[in-house]
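Down below is the structure, laid out as structure tokens.
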Amino acid sequence: MCEQGSGDHETVEERELRQAGQLLHSVELPADEELDAAIARGISQAGTHRRRRTRMRAAAMAVCAMLIAGLVSVRFSPAVAAYVGQLPLLKPLVEMIQYDKGLKLAFENDFFQPVGSVQEQDGIKVTMEGLIADESRILLFLSIDNAPDSAHFLRNMMFRDQAGNPLEEVSIVFGETSSEVKEGRKRQQVDLLFAEAAALPDLLQMSFQLGGNDYQQPTSGPLWQLNIPIDKSKFAGTQQVYELGESLVIDGQKITFGKMTVYPTRIGVEVAYDPANSKRIFSLGNIRIENEQGEVFANGANGLIASLTDEDHAVLYFQSSYFVKSKRLYLKTEGIRGLDKSMVEVKIDLEQKRLLSAPDNRLSLFDVAQTDEHLVLNFHFKGLGAEEKKGMLFSWNFRDAEGVKHELHQVGSSQLHDNGKIVGEEQYFLPKGDYPGPLTMTLNDYPEQLAGGSFTIRIK
């Protein structure tokens, strides 16, 4: 049963969380009339968009990425950052988000919400320490104490709203982010990324099991349940929308950038590829945002680079510039990747363990293996330089010879090196079954670049 730590029964950790929350709430951000006026001038009304259901996966969708953010910043108090850096309990949480400057600044600007929800079973203690949230995202911080090695990972997660309804329009990215061996503690971070127009709950009901890092093995441990209140007043009205309306033609391929939405924890930009394009564009390369001082806001939020509406439309994500005051912002990229649309489907002969079609000889089927639950396809690709890093080769769906669609269960990857070149392998876990062959998989990325795939766009 979930308990909210408070009063005479609170632990040292829960008391530190409560004190941190009180401190953060007591800090007043300085007023700035010019800031308010500048933000008001920049905000436009958000258009409506078709909502889509995003399947929940324990991995980021590795796809193309892009665009930007011009935005006036909100100033923050250095006293907050100094205090949370010294507080023993919160210091590890700050360290967990060092990779993302937008999240780090959100933490320092009073966006962290202490929770302290605790559950204990079989001598193991799970604590929901707190969260960072805005209108598009909820980032959860958990600690697991006294768990054996076989129970360090969150498995079979389910999230429901206050009425008990499952959350549907959400992607989940999770994994172990740190360990504290001396205390026997493991820390987990779970990132809930919501589709546009999805309603965030006032109370998040989280259930899960604990297991090892081998996701092919079933989990039979007890069910854990935590109730997580969301204080939506902390981020109400922070969403800011800009209409970009910018089109480019590169190597004969038209790309259009639409609405940009800036949140305190990330930036989302709509991108559309003309259906008449002869090539499927996989990635906008080394896409990033830079300000006049050369400060970079990188593509990707905790590994989530983009979410796809369909093959011609996506929302691309960047670290947030919400709390940074920049006079100028530029969108820059080099190395746009794409492939002729006639080459994006790869056909696989399972019996002969070979590819019947592929873009070139850099891609091959190394092996087909079977486990108790999966048919595992091991792909090999070679001849890639460090500048040709790519995302997941194939999309999550595949078809059998009768045109029936199926979905992958899991994807794995490794990277080997040979004489300075990357020799990579990827494993795709198909549900075990008898599939009429050949199978058809669609490329999600490939290291083939468009001619002239570099540009700089001034955002503001």
Side-chain angles (χ1 to χ4, degrees), residues 1-5 9-11 13-14 17 55-60 89 92-93 96 115-131 138-162 164-168 170-193 201 203-230 302-303 370-374 376 407-412 427 429-432:
M1 182 174 184
C2 299
E3 300 177 353
Q4 295 293 328
H9 300 289
E10 68 181 1
T11 65
E13 295 174 347
E14 293 161 353
L17 281 172
R55 296 299 301 270
M56 296 192 294
R57 297 196 180 96
L89 181 61
L93 306 188
M96 290 165 68
V115 175
S117 181
V118 179
Q119 188 180 20
E120 295 190 50
Q121 296 187 75
D122 301 331
I124 301 173
K125 177 181 176 181
V126 175
T127 304
M128 177 61 63
E129 296 177 338
L131 60 95
I138 301 175
L139 181 63
L140 304 172
F141 299 92
L142 299 91
S143 63
I144 303 172
D145 291 280
N146 306 319
D149 290 341
S150 60
H152 279 162
F153 292 86
L154 305 176
R155 305 280 293 276
N156 303 323
M157 278 188 291
M158 174 64 71
F159 290 92
R160 301 179 184 273
D161 62 19
Q162 58 271 16
N165 300 315
L167 299 184
E168 293 185 340
V170 61
S171 295
I172 299 176
V173 180
F174 70 95
E176 179 181 301
T177 56
S178 68
S179 60
E180 299 170 44
V181 178
K182 292 182 180 180
E183 300 180 20
R185 171 175 295 162
K186 296 287 184 179
R187 294 191 182 276
Q188 299 280 346
Q189 183 174 297
V190 182
D191 209 346
L192 279 68
L193 303 154
L203 178 71
L204 190 64
Q205 300 182 38
M206 178 183 184
S207 62
F208 57 90
Q209 293 175 289
L210 294 176
N213 61 357
D214 185 355
Y215 285 83
Q216 298 181 54
Q217 297 298 321
T219 300
S220 58
L223 186 68
W224 297 77
Q225 299 182 74
L226 297 172
N227 288 336
I228 308 163
I230 309 297
N302 198 21
Q370 294 193 34
T371 69
D372 291 341
E373 299 180 8
H374 296 102
V376 185
E407 188 170 90
L408 299 170
H409 276 183
Q410 185 180 341
V411 177
Q427 298 82 39
F429 294 77
L430 286 59
K432 196 169 184 179

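Hydrogens, waters and symmetry mates play no part in the numbers below; they use all other heavy atoms, side chains included.
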Practice task
Heavy atoms only: give me the nearest Q209-P222 pair and the separation to one decimal.
Solution key: CG-O, 3.6 Å

Practice task
Indicate the atoms forming the closest heavy-atom contact of P229 with V115, along with that distance.
Solution key: CD-CG1, 4.1 Å

Problem - Partner residues of D161 under the side-chain contact (heavy atoms from CB on, under 4.5 Å) criterion, sequence neighbours left out - result: A163, N165, L167, P201

Practice task
Of all the heavy-atom pairs spanning N227 and S117, show the shortest one and how long it is.
Solution key: O-OG, 3.4 Å

Practice task
Kindly indicate whether the side chain of L408, heavy atoms from C-beta on, has any atom under 4.5 Å from the side chain of L430.
Solution key: yes

Problem - Flag side-chain contact, heavy atom, 4.5 Å: F159 against I138 - result: no

Practice task
For D372, enumerate each residue passing the side-chain contact (heavy atoms from CB on, under 4.5 Å) test, keeping only those at least two apart in sequence or located in another chain.
Solution key: none

Fill in the blank from the handout: Separation between CD (E373) and NE2 (H409), nearest 0.5 Å, reads 8.5 Å

Practice task
Any chance you could measure N146, atom CG, to K186, atom NZ, to the nearest 0.5 Å?
Solution key: 13.0 Å

Practice task
Begin with the C-alpha distance, continue with both residues' side-chain angles, and end with the deciding distance and a verdict on side chain to side chain contact (heavy atoms under 4.5 Å, CB included) for L203 and I228.
Solution key: CA-CA 6 Å; L203 178 71; I228 308 163; 5.5 Å; no

Problem - Minimum side-chain heavy-atom gap K125-E120 below 4.5 Å - result: yes

Problem - Any donor-acceptor pair under 3.5 Å from E407 side chain to P431 backbone - result: no

Problem - With sequence neighbours excluded, residues passing side-chain contact (heavy atoms from CB on, under 4.5 Å) with Q427 - result: V376, N378, S414, E425, F429

Practice task
Decide yes or no for M128 and M206: does some side-chain heavy atom of the first lie under 4.5 Å from some side-chain heavy atom of the second?
Solution key: yes

Problem - Qualifying residue for side-chain contact (heavy atoms from CB on, under 4.5 Å) with L142, from L131, T127, V190 - result: V190

Problem - side-chain contact (heavy atoms from CB on, under 4.5 Å), paired with L140, selected from L154, I172, L226, L204 - result: L204

Handout entry: Closest non-hydrogen atom pair between Q225 and Q119, with its separation
Key = N-OE1, 2.8 Å

Practice task
For residues F208 and R155, determine if any side-chain heavy atom of one lies less than 4.5 Å from a side-chain heavy atom of the other.
Solution key: no

Problem - Distance, nearest 0.5 Å, that separates CD1 of I144 from CZ of F153 - result: 9.0 Å

Problem - For Q189 against F141, the heavy-atom pair lying closest together - result: OE1-CE2, 3.7 Å

